[in-house]
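Note that the structure is a prediction, hence the values are computed from the model and not measured. Just follow the structure's listing: the first ligand is 1, and inside any ligand the first atom is 1.
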Amino acid sequence: MEDRDRWSSRAAFVMASIGSAVGLGNVWRFPYMVYDNGGGAFLIPYFIALMTTGIPLLMIEFNIGIKMQKGPAFALDKIRRGAGFIGWFALLVSFVIVSYYSVVISWVWNYIYYSFTVAWTGHAKEFFFGHVLDVSGSIANTGGIVWPVFAGLLLTWVLIYFIIFKGLGVIGKVVSWTVPLPFILLFVLLIRGITLKGAVTGLNFYLDPDFSVLLNPRVWLAAYGQIFFSLSLGFGVMIAYASYMARHSDISGNAFVTALTNSGISFFAGFVVFSTLGYLAQALGQPVSEVAGSGVGLAFVIFPTAISRLPGGTVIHAIFALIFFVTLINLAINSAFSLVEAIVTGLKDIVSAKRETITFYVCLAGLTAGLIFCTRSGLYWLDIVDHWANNFGAIIVGLMEAVLIGWIYNPEEFRADINKYSDIHVGRWWTVCIKWITPIIIITSVNLSFYSELKSSYGGYPQWAVMTGGWLLIEILFILGIIINLRARNRRKA
Ligand code: PFF
């Protein structure tokens with residue numbers, strides 16, 4: 001066991017964790033969440049969610065990895081026999097997520113290519129949906145593979161393979177570049193953004209507080225949901241990364257640094273996004289609320305439109321477009337390979353093949369699974385799978401982890417464990433968060449999502465598509481998790 005691969009330093013581990021946490025979500029999800037849920041007032045539930053669920057659960061995942069020195073599934077199984085299925089389920093969900101996350105990265109590669117000529121100028125929306133994705137009229141019409149998207153996907157997987165096949169040494173080096181770089185680039189975009197006309201209007205929209213939202217439960221759930229996805233909780237990633245730290249490692253300090261940096265970058269990205277949106281709104285003569293958006297639309301339509309309307313000519317536009325998309329690549333790639341690394345770490349516990357071989361097959365499987373998202377109906381599938389994997393995947397893993405530690409294992413003993421080598425000692429508040437607050441919030445949230453799913457078909461897609469890409473997929477992953485756990489036990493290595 002002592003020949004386990006190790007991070008070269010505590011900093012490498014923290015950087016890699018930050019790299020996983022800081023991703024597309026910080027740029028395309030957080031700013032809009034703030035705007036849509038009460039502006040500056042949203043920061044209150046957000047901060048409470050961070051302190052009562054985000055950080056306590058991150059400490060659980062770090063401690064499980066460090067204490068057990070195993071991949072997510074075996075580590076959980078060592079906490080309580082049988083609990084390993086939670087880890088396998090988490091890894092299966094991770095696999096599904098990375099299979100489409102890598103396709104989004106492929107779109108970014110395509111946009112890097114188009115940035116040189118700012119090819120979308122004047123028709124950004126049609127360019128994205130019609131030209132880049134070549135979206136078909138309906139989800140039932142697959143329409144074959146869109147080859148440039150496939151090419152980007154292949155490039156992404158080759159890159160992921162080369163980053164992780166050798167182990168932590170290379171990962172540590174890669175994150176020492178890919179984590180600070182987007183921060184610097186965002187800073188450049190910020191300077192450009194806030195010096196544009198209309199920027200202040202955009203920022204007012206972003207942060208103008210509406211305290212009445214604090215009485216709205218939806219807003220609170222949005223805050224908890226955001227924290228979950230943003231900190232990569234419930235995917236097995238943080239457990240896997242922590243399992244490569246030595247036993248006597250700080251836990252609470254690392255969790256605080258990771259979580260606070262992640263939130264800081266989210267907040268900061270909001271300034272970049274909204275100052276630019278303010279400018280776009282003013283250039284188009286529309287209110288900011290008309291141009292604001294999130295997700296795919298923000299990154300590939302709204303922001304590119306704003307860039308193509310910046311003062312200056314094509315060269316300036318091309319430079320800012322490159323800065324923006326290179327930022328996205330850097331943000332996304334760390335998150336993508338963290339998911340793959342978690343899977344590889346989990347598999348290494350049960351297969352005796354070499355890391356290189358396991359990594360190769362995982363990457364090949366990810367590439368193959370991603371094919372469906374490269375088709376002309378890929379965007380629709382991506383939307384459905386993303387919605388389910390996030391609303392019912394990781395969050396359920398988080399619930400089970402909290403119940404496992406809070407109710408089945410002894411939470412006070414676990415807390416003592418966290419404190420043993422940590423500079424910051426966590427008090428009894430931690431136990432209250434894990435035993436009560438986190439499970440109550442997650443159960444409420446899952447029930448509400450469940451209810452709204454039953455009430456209306458998600459996104460207006462046909463029922464069969466939502467059934468297969470949503471419910472069936474999650475159920476299959478869950479059952480597979482249980483089966484793998486039963487079979488894996490026999491193969492457990494010392
Ligand atoms: N935390 C990433 C983001 O905010 O974009 C997304 C993500 C990465 C989720 C890795 C889960 C994960 F394991």
K.L.:
Do the ring planes of W7 and Y244 sit parallel (below 30°), tilted (30 to 60°) or perpendicular (above 60°)?
P.N.:
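Plane angle over 60°, so perpendicular.
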
K.L.:
Could you tell me which atoms of ligand 1, counted from 1 in the order shown, lie closer than 4.0 angstrom to a heavy atom of L24?
P.N.:
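By the 4.0 Å cutoff, the relevant atoms are 5 (O).
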
K.L.:
For A21, state whether at least one heavy atom is located under 4.0 Å from any atom of ligand 1.
P.N.:
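Yes, that is the case, since the closest heavy atom of the residue is under 4.0 Å from the ligand.
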
K.L.:
Do you know the tightest heavy-atom contact between C433 and P439?
P.N.:
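Result for this residue pair: O-CD, 4.0 Å.
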
K.L.:
What protein heavy atom lies closest to atom 13 (F) of ligand 1? Include the residue and the distance to one decimal.
P.N.:
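It is L339 CD2, 2.8 Å.
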
K.L.:
May I ask you to decide if the ring planes of F268 and F183 are parallel, tilted or perpendicular, using 30° and 60° as cut-offs?
P.N.:
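Correct class here is tilted.
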
K.L.:
For ligand 1, which atoms have a heavy atom of Y101 less than 4.0 angstrom away?
P.N.:
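Counting atoms of ligand 1 from 1, those under 4.0 Å from Y101 are 5 (O), 6 (C).
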
K.L.:
Using 30° and 60° as the class limits, which term best fits the ring planes of F162 and F165: parallel, tilted or perpendicular?
P.N.:
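The rings of F162 and F165 stand perpendicular, inter-plane angle above 60°.
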
K.L.:
Any idea which heavy atoms bring S230 and S266 closest together, and the distance?
P.N.:
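S230 and S266 have their closest heavy atoms at OG-OG, 4.4 Å.
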
K.L.:
For the residue pair Y461 and Y458, does the interplanar ring angle fall in the parallel (under 30°), tilted (30 to 60°) or perpendicular (over 60°) class?
P.N.:
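Taking Y458 first and then Y461, their aromatic rings sit tilted (interplane angle of 30° to 60°).
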
K.L.:
With a cut-off of 4.0 Å, which atoms of ligand 1 are near a heavy atom of N26?
P.N.:
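Those atoms are 4 (O).
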
K.L.:
Starting from atom 6 (C) of ligand 1, locate the nearest protein heavy atom and write down its residue, its atom name and how far away it is, to 0.1 Å.
P.N.:
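For this ligand atom, the closest protein heavy atom is F229 CZ, 3.6 Å.
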
K.L.:
Below 30° counts as parallel, above 60° as perpendicular, anything between as tilted: where do the rings of F30 and F267 land?
P.N.:
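Ring orientation of F30 relative to F267: perpendicular.
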
K.L.:
Of the protein's non-hydrogen atoms, which lies at the shortest distance from atom 5 (O) of ligand 1, and what is that distance?
P.N.:
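Nearest neighbour among protein heavy atoms for atom 5 (O) of ligand 1, to 0.1 Å: G25 N, 2.8 Å.
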
K.L.:
Quick test: of every protein heavy atom, which one is nearest to atom 7 (C) of ligand 1, and how far off is it to 0.1 Å?
P.N.:
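Answer for atom 7 (C) of ligand 1: S232 OG, 3.8 Å.
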
K.L.:
Could you list which atoms of ligand 1 come closer than 4.0 Å to a heavy atom of S20?
P.N.:
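Those qualifying, in numeric order: 1 (N), 2 (C), 8 (C), 10 (C).
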
K.L.:
Please indicate whether any nitrogen or oxygen in S335 is less than 3.5 Å from any nitrogen or oxygen in ligand 1.
P.N.:
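Checking ligand 1 against S335, no N or O pair falls under 3.5 Å apart.
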
